[in-house]
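Read the structure below first, then the notes.
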Amino acid sequence: MVVMAALVLAAVGLGGCGGDDDRLSKADLISKGDALCAATTEKLEPVFGKLFPTGSETPPADKAAGPMRTAATELREEYRDFSALEPPAKDEKRFAAILEGFDAAVTDVEDAAERAEAGDTEGYLKKLEAANAKDAESRELMKAYGFEECAGSE
């Protein structure tokens with residue numbers, strides 16, 4: 001199980017209701033999105049570095065509940081920030097797909113946190129596995145668009 005992928009999950013989206021004047025160029029969108037991803041990764045790496053030092057542990061729910069809630073909160077905030085970005089008009093559909101995958105992965109992390117808080121080790125691990133799969137799909141879309149940090153590029 002690749003736990004860390006979901007835990008440092010990052011993605012880019014579109015959103016907002018602003019006019020054309022609020023739209024970013026593709027380069028600016030990538031720059032701003034990658035900055036958001038880097039900031040979230042920086043916040044979450046130490047939290048999960050302790051819980052999942054090798055990335056293959058399956059800690060019990062009572063140990064995972066706090067870190068999972070931290071991840072869910074940080075990732076939802078990142079999602080909201082990305083939703084406020086305005087992509088170029090020609091890229092709206094691509095961003096809608098990226099944002100949809102990101103939201104689905106964050107929702108699974110939120111569900112994982114709830115299950116961990118309820119003491120359900122197997123349940124939180126299954127939801128985390130689902131988040132990993134959705135995260136991987138979203139990252140592929142981001143990579144194709146040109147993101148580096150958000151796509152998980154080294």
Side-chain angles (χ1 to χ4, degrees), residues 1-16 24 26 28-61 63-87 91-118 120-154:
M1 179 180 300
V2 182
V3 179
M4 285 303 292
L7 300 176
V8 292
L9 177 73
V12 165
L14 71 123
L24 298 169
K26 182 176 179 176
D28 286 343
L29 184 61
I30 290 170
S31 176
K32 288 178 185 275
D34 276 344
L36 289 170
C37 292
T40 300
T41 297
E42 187 175 321
K43 289 176 188 175
L44 292 179
E45 277 183 342
V47 172
F48 291 103
K50 288 181 181 178
L51 188 60
F52 303 104
T54 69
S56 63
E57 293 83 3
T58 55
K63 287 191 173 214
M68 291 304 304
R69 179 54 56 201
T70 298
T73 300
E74 291 296 331
L75 292 169
R76 184 54 66 192
E77 183 178 321
E78 180 185 29
Y79 174 83
R80 281 191 300 267
D81 290 345
F82 275 51
S83 295
L85 298 175
E86 286 284 342
D91 294 339
E92 283 184 355
K93 288 183 182 179
R94 289 178 80 182
F95 277 98
I98 291 168
L99 187 58
E100 182 179 334
F102 181 34
D103 184 45
V106 173
T107 298
D108 280 344
V109 173
E110 290 167 334
D111 290 347
E114 288 175 17
R115 289 174 188 230
E117 290 166 342
D120 181 1
T121 298
E122 185 177 334
Y124 101 80
L125 290 170
K126 284 183 180 180
K127 278 297 183 177
L128 195 54
E129 188 174 348
N132 281 331
K134 291 171 185 169
D135 176 47
E137 292 172 13
S138 183
R139 286 176 183 272
E140 284 300 314
L141 294 174
M142 289 181 273
K143 182 178 181 180
Y145 190 77
F147 289 93
E148 293 179 10
E149 182 72 32
C150 294
S153 299
E154 299 286 321

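Just so you know, these numbers use all the heavy atoms, side chains as well, and skip hydrogens, waters and symmetry mates.
Nearest heavy-atom pair, Glu78 versus Cys37, reported as atom, atom and distance to 0.1 Å: OE2-CA, 3.3 Å. In plain terms, the two heavy atoms of Pro59 and Thr121 that are nearest each other are O-CG2, 3.9 Å. Listed here is the closest heavy atom pair of Val106 and Ala72: CG1-O, 4.5 Å. Pairing each heavy atom of Gly33 with each of Cys150, the nearest pair is O-SG, 3.1 Å. The two residues Phe147 and Ile30 come nearest to each other via the heavy atoms CE2-CA, 3.3 Å. Nearest heavy atoms, Thr58 versus Tyr124: C-OH, 4.3 Å.
Between Leu85 and Leu36, some side-chain heavy-atom pair lies under the 4.5 Å cut-off. Looking only at side-chain heavy atoms (C-beta outward), Leu128 and Met68 come within less than 4.5 Å of each other. Residues Lys63 and Leu51 are in side-chain contact: their nearest non-hydrogen atoms beyond the backbone lie under 4.5 Å apart. A heavy-atom distance below 4.5 Å is found between the side chains of Lys26 and Tyr145. Between Glu77 and Arg80, some side-chain heavy-atom pair lies under the 4.5 Å cut-off.
Formation of a donor-acceptor pair under 3.5 Å by the Glu57 side chain with backbone atoms of Gly55 is found in this model.
Here Asp103 pairs with Arg76 under the side chain to side chain donor-acceptor pair (under 3.5 Å) rule; sequence neighbours left out. In this view, Tyr79 and Phe102 satisfy the ring pair (Phe, Tyr, Trp, His ring centres under 6.0 Å) rule, not counting sequence neighbours. Considering only residues two or more places apart in sequence or on other chains, Glu74 meets the salt bridge (charged side-chain N to carboxylate O under 4.0 Å, His left out) condition with Lys43.
No more than 12 heavy-atom neighbours from other residues, nucleotides or ligands sit within 6.0 angstrom of CD on Glu100.
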Practice item. Take Asp108 and Lys134 through the salt bridge (charged side-chain N to carboxylate O under 4.0 Å, His left out) test and state the conclusion after the steps. Key: CA-CA 9 Å; Asp108 280 344; Lys134 291 171 185 169; 2.8 Å; yes
Check your understanding: Does the pair Leu44 and Leu75 meet the rule for a side chain to side chain contact (heavy atoms under 4.5 Å, CB included), with working shown?
Key -> CA-CA 9 Å; Leu44 292 179; Leu75 292 169; 4.2 Å; yes
Point to revise | Lys143 vs Glu148, side chain to side chain contact (heavy atoms under 4.5 Å, CB included): CA-CA, chis, key distance, verdict | key: CA-CA 7 Å; Lys143 182 178 181 180; Glu148 293 179 10; over 6 Å; no
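Remark: Asp111 does not engage Arg115 in a salt bridge, criterion side-chain N to carboxylate O under 4.0 Å.
Going from atom CG of Asp135 over to atom CD of Glu140 covers 10.5 Å, rounded to the nearest 0.5 Å.
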